[in-house]
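Taking it in order: structure first as structure tokens, then the write-up.
Everything numeric here is computed off the predicted structure, so don't read it as measured data.
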Amino acid sequence: MKHIQKAKEFVKKELYGETTGHDYWHSLLVWRNAKNIGKTENADMLVVELAALLHDIGDWKISGGESTGAEKNRKFLEEIKIDEKRIQHILDIIEGLAFKGSIDKPLLSIEGQIVQDADRLEALGAIGIARAFASGQKFRQEIYNPDIKPAPHRNPEDYKKQYTGERKNTSINHFYEKLLFIKDLMNTEAAKKIAEERHLYMKQFLTRFYEEWEGKK
Ligand code: ADP
Ligand code: NI
């Protein structure tokens, strides 16, 4: 479909070569996940596919504060002549996804829930592991430090301190503070299944990591 092809080109232009896990390939994988999950849901797949492809344009972690993502996305969607109702829906989904972990986050439509699941799957499994360490580098975190204990149920304000440098964290801790909880956040049945399997793989990775750390393997 030509809209999707154009969206891929737009995302490639914007995100190709980004190095913290929000690159062009991540957008493509979220898109593929979303198409897959969406098969068994009754959803407007044009909205799902476009929102998946565009979801990380102008992410605050990339642009460093000033989010121009919504403006860029609107301009693009108008150019390819998507109708206004869908444009608004797509922008709402992407904005809703940005309220990560926030209690008063907006409710997502079924289309939004599919994209959220598709994006969350990327934080799990082998790809999730790779992204955790890539992101860790961005936050100047160590891989692992047994002196720094994970704090799984810290409040959101405290949690954010790792991103401002007020609290040193490690990438291994991120598994216990976030990644191992993600499987229980999935909206759709299709995503739950994939998440369970990816979750197990991460647990195996952690077991193996400590075995190597302790000289057992
Ligand atoms: P997305 O916008 O694609 O959902 P996020 O910006 O939430 O992704 O996070 C990108 C990746 O960075 C995720 O896979 C997440 O696990 C990882 N990440 C976020 N915070 C940390 C952290 N403190 N340590 C290690 N990895 C992190
Ligand atoms: Ni993403």
Side-chain angles (χ1 to χ4, degrees), residues 20-45 47-49 51-53 55-56 59 61 93-94 96-103 105-136 139 141 143-144 149-156 159 162 169-214 216-217:
T20 64
H22 300 92
D23 57 19
Y24 167 65
W25 303 109
H26 165 67
S27 298
L28 277 195
L29 294 179
V30 172
W31 170 69
R32 193 200 52 200
N33 288 345
K35 277 208 304 184
N36 199 4
I37 298 166
K39 269 192 245 158
T40 42
E41 303 292 332
N42 189 9
D44 180 345
M45 288 308 286
V47 168
V48 168
E49 292 188 39
L53 282 168
H55 83 281
D56 269 338
D59 186 291
K61 289 188 208 76
I93 289 172
I94 296 172
L97 295 183
F99 282 78
K100 293 184 181 98
S102 164
I103 297 159
K105 60 177 178 281
L107 276 181
L108 289 167
S109 60
I110 181 61
E111 287 78 10
Q113 291 179 26
I114 291 168
V115 179
Q116 186 177 53
D117 281 358
D119 194 25
R120 281 179 169 160
L121 284 177
E122 279 274 290
L124 304 183
I127 289 176
I129 294 168
R131 291 182 93 217
F133 294 106
S135 297
F139 307 129
Q141 289 174 177
I143 293 172
Y144 177 52
K149 302 286 177 225
H153 301 293
R154 68 175 58 255
N155 68 46
Y159 184 79
Q162 67 192 335
N169 208 358
T170 71
S171 293
I172 288 287
N173 280 355
H174 189 64
F175 288 80
Y176 300 97
E177 296 182 356
K178 184 165 175 194
L179 302 183
L180 293 175
F181 298 111
I182 292 181
K183 77 166 173 43
D184 297 322
L185 301 176
M186 293 295 158
N187 304 301
T188 62
E189 288 309 312
K192 272 181 208 162
K193 279 211 190 94
I194 305 169
E196 288 285 349
E197 212 266 329
R198 292 190 181 195
H199 178 88
L200 277 180
Y201 183 81
M202 287 200 302
K203 289 193 68 168
Q204 285 165 10
F205 165 79
L206 289 167
T207 303
R208 172 78 195 207
F209 185 94
Y210 300 122
E211 283 171 350
E212 291 184 16
W213 189 273
E214 289 158 14
K216 292 180 183 158
K217 283 262 162 81

For the atom pair [atom1] ([X]) and [atom2] ([Y]), what is the distance rounded to the nearest 0.5 Å?
X: Asp56; Y: Ile94; atom1: CG; atom2: CD1; value: 9.0 Å
X: Lys183; Y: Glu197; atom1: NZ; atom2: CD; value: 13.0 Å
X: Asn187; Y: Arg120; atom1: CG; atom2: CZ; value: 6.5 Å
X: Lys35; Y: Ile114; atom1: NZ; atom2: CD1; value: 13.5 Å
X: Leu97; Y: Leu108; atom1: CG; atom2: CG; value: 6.0 Å
X: Asp117; Y: Thr188; atom1: CG; atom2: OG1; value: 4.0 Å

pair [X]-[Y]: side-chain heavy atoms closer than 4.5 Å:
X: Val30; Y: Leu53; answer: no
X: Glu196; Y: Leu200; answer: no
X: Ile129; Y: Phe175; answer: yes
X: Glu111; Y: Ile93; answer: yes
X: His199; Y: Ile182; answer: no

Testing the basics here: between [X] and [Y], what is the closest heavy-atom pair and its distance to 0.1 Å?
X: Tyr201; Y: Gly125; result: CD2-C, 4.0 Å
X: Ala34; Y: Ala118; result: N-CB, 3.6 Å
X: Gln141; Y: Ser171; result: NE2-OG, 2.9 Å

Check: Which residues pass the side chain to side chain donor-acceptor pair (under 3.5 Å) test with Gln204, sequence neighbours left out?
Finding: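 For Gln204, no residue satisfies side chain to side chain donor-acceptor pair (under 3.5 Å) once neighbours in sequence are set aside.
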Check: Excluding sequence neighbours, so at least two apart, what forms ring pair (Phe, Tyr, Trp, His ring centres under 6.0 Å) with Tyr144?
Finding: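 Residues passing ring pair (Phe, Tyr, Trp, His ring centres under 6.0 Å) with Tyr144: Phe209, Tyr210, Trp213.
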Notebook entry, point to check: For Phe181, which residues count as a ring pair (Phe, Tyr, Trp, His ring centres under 6.0 Å) partner, sequence neighbours excluded?
Noted result: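 With sequence neighbours excluded, Phe181 shows a ring pair (Phe, Tyr, Trp, His ring centres under 6.0 Å) to His153, given in chain and number order.
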Residues two or more places apart in sequence or in another chain: which of them pass side-chain contact (heavy atoms from CB on, under 4.5 Å) with [X]?
X: His174; result: Tyr159, Tyr163, Lys178, Leu179
X: Glu211; result: Thr207, Arg208, Lys216, Lys217
X: Arg32; result: Leu29

Next item on the list: Go through the side-chain N and O atoms of Glu177 and Asn169 and say whether any donor and acceptor fall under 3.5 Å apart.
Entry: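 Yes, side-chain donor-acceptor contact under 3.5 Å.
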Next item on the list: Decide whether His55 and His26 meet the rule of one side-chain donor and one side-chain acceptor closer than 3.5 Å.
Entry: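 Result is yes, a qualifying pair exists.
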Margin query: Is it true that, when you exclude Phe133 itself, more than 12 heavy atoms of the residues, nucleotides or ligands shown sit nearer than 6.0 Å to its CZ?
Written below: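 Above 12, so yes.
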Next item on the list: Give a yes or no on whether Ile143 atom CD1 has more than 12 heavy-atom contacts from other residues, nucleotides or ligands under 6.0 Å away.
Entry: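 Open: at most 12 neighbouring heavy atoms sit under 6.0 Å from CD1 of Ile143.
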Check: Can you list the steps and then say if Ile37 with Leu121 is a side chain to side chain contact (heavy atoms under 4.5 Å, CB included)?
Finding: CA-CA 11 Å; Ile37 298 166; Leu121 284 177; 4.0 Å; yes
